[in-house]
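Each remark here refers to the structure printed beneath this line.
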Amino acid sequence: MQPTRLALGLALALGLAGTALAQTTMRISISTAQNSHQGVAIDTFAKEVEKRTGGRYRIQTFYNGALGGERESIEAVQLGTQELAFSSTGPVPNFVPETKILDVPFLFRDKAHARAVLDGPIGQELLAKFDAKGFKALAWAENGFRHMTNSKREVRTPEDLKGLKMRTMENPVHIAAYKGFGIITTPMAFPEVFTALQQGTVDGQENPLPVIISAKFDQVQKHLSLTGHVYSPCIFVMNKAAFDKLSDADKQAFIEAAKEGTKANRARVDEDDAKGVADLRAKGMTVIDDLDKSKFVAALAPVNAQFEKEFGKANLDRIRNVR
């Protein structure tokens, strides 16, 4: 009787050990808070991966730049020291230059237009460009339309931006455009921004409403202008070697999980955009929501001519003409 029970116990223990060994843990990170449009994206992704792989893959989620800023996270994914990251496209052109075109100011009419471009052939072609750089790009998601905040003055016209010291993303297209407005650009990783604003190292920054809200920039910025000057996508990236090791079914599970993460992320952006202005006004910010956007577009005419040369007018028009 005893040996059988022992054998049974051993078999059970080995069976459990096998189950434990079969679970692979991977990490994904964001630079913003968990209670944000980006947090919702990675939380949904993690839950869906676990569900779709029967618990064989577990995704550990990290928030608030706990594993470094966006650039560091993307670098870590490329090197394979981190499996996954969710990032705005801020630093992405430094790794995949073809994505730069998405950051051209006033390129997208609205969110519906931007989403149609990213979910359609253009977006899919761009995702494929990541493969050669050591990434598997799983899906496009969203950061939102970027707006300007500062602690100095109301910004109603492009002239009001002249001489403001603004934190920008580490993105060459943004930097060129903001210099065109006469802004003194200060590229900086996102986790450093709140302190820089608080200490007056920079006068302002620009980000979508969901970021401004979740980062509590209302505590260190007085003025918000709804310039909507650049549409900012987000992206789920995975280390290419880690992705290639997955079975075909698991590859599909990761891609589908990223799509679900995108759905949740965009829904949260819509929600934040809908209530964001009232929310920030209630917290004491001055919000300029009636500025003449055509003046801002006109101010960037010389820079846009540069962009047409760099990206090709036909390529920009292909994006502009998506209906």
Would Arg156 and Asp160 pass as an ion pair if we require N to O under 4.0 Å? no

Quick test of your reading: applying salt bridge (Lys or Arg N to Asp or Glu O under 4.0 Å), list the pairs with at least one residue in residues 120-135, sequence neighbours left out, ordered by first then second residue. Glu125-Arg318

Selection residues 232-246 - residue pairs positive for side-chain hydrogen bond (donor to acceptor under 3.5 Å, both in side chains), sequence neighbours left out: Asn143-Ser232, Arg146-Ser232, Lys240-Asp244

Under 3.5 Å, sequence neighbours excluded: what are the donor-acceptor pairs made by side chains of residues 295-309?
none

Indicate every side-chain donor-acceptor pair of residues 90-108 with a distance under 3.5 Å to a residue at least two apart or in another chain.
{"from": "Asn94", "atom 1": "ND2", "to": "Pro91", "atom 2": "O", "distance (Å)": "3.1"}
{"from": "Asn94", "atom 1": "ND2", "to": "Glu170", "atom 2": "O", "distance (Å)": "3.0"}
{"from": "Thr99", "atom 1": "OG1", "to": "Val96", "atom 2": "O", "distance (Å)": "2.8"}
{"from": "Lys100", "atom 1": "NZ", "to": "Glu310", "atom 2": "OE2", "distance (Å)": "3.0"}
{"from": "Asp103", "atom 1": "OD1", "to": "His174", "atom 2": "NE2", "distance (Å)": "2.9"}
{"from": "Asp103", "atom 1": "OD2", "to": "Asn171", "atom 2": "ND2", "distance (Å)": "3.0"}

Any Lys/Arg nitrogen of Arg115 or Asp270 sitting under 4.0 Å from an Asp/Glu carboxylate oxygen of the other? yes

Between Asp273 and Lys111, does any side-chain N to carboxylate O distance fall below 4.0 Å? yes

Distance-only check: which donor-acceptor pairs under 3.5 Å involve side-chain atoms of residues 275-285, not counting sequence neighbours?
{"from": "Arg281", "atom 1": "NH2", "to": "Val287", "atom 2": "O", "distance (Å)": "3.0"}
{"from": "Arg281", "atom 1": "NH2", "to": "Asp289", "atom 2": "OD2", "distance (Å)": "3.3"}

Does atom NZ of Lys251 have more than 12 heavy-atom neighbours, drawn from other residues, nucleotides or ligands, at distances under 6.0 Å? yes

Please, which pairs that meet side-chain hydrogen bond (donor to acceptor under 3.5 Å, both in side chains) have at least one residue in residues 209-219, sequence neighbours excluded? none

Do Arg167 and Asp203 sit within salt-bridge range, that is, some charged N less than 4.0 Å from a carboxylate O? no

Give a yes-or-no answer on whether the side chains of Gln205 and Asn207 include a donor-acceptor pair shorter than 3.5 Å. yes

If you measure only the distance, is there a donor-acceptor pair under 3.5 Å linking the side chains of Tyr231 and His113? no

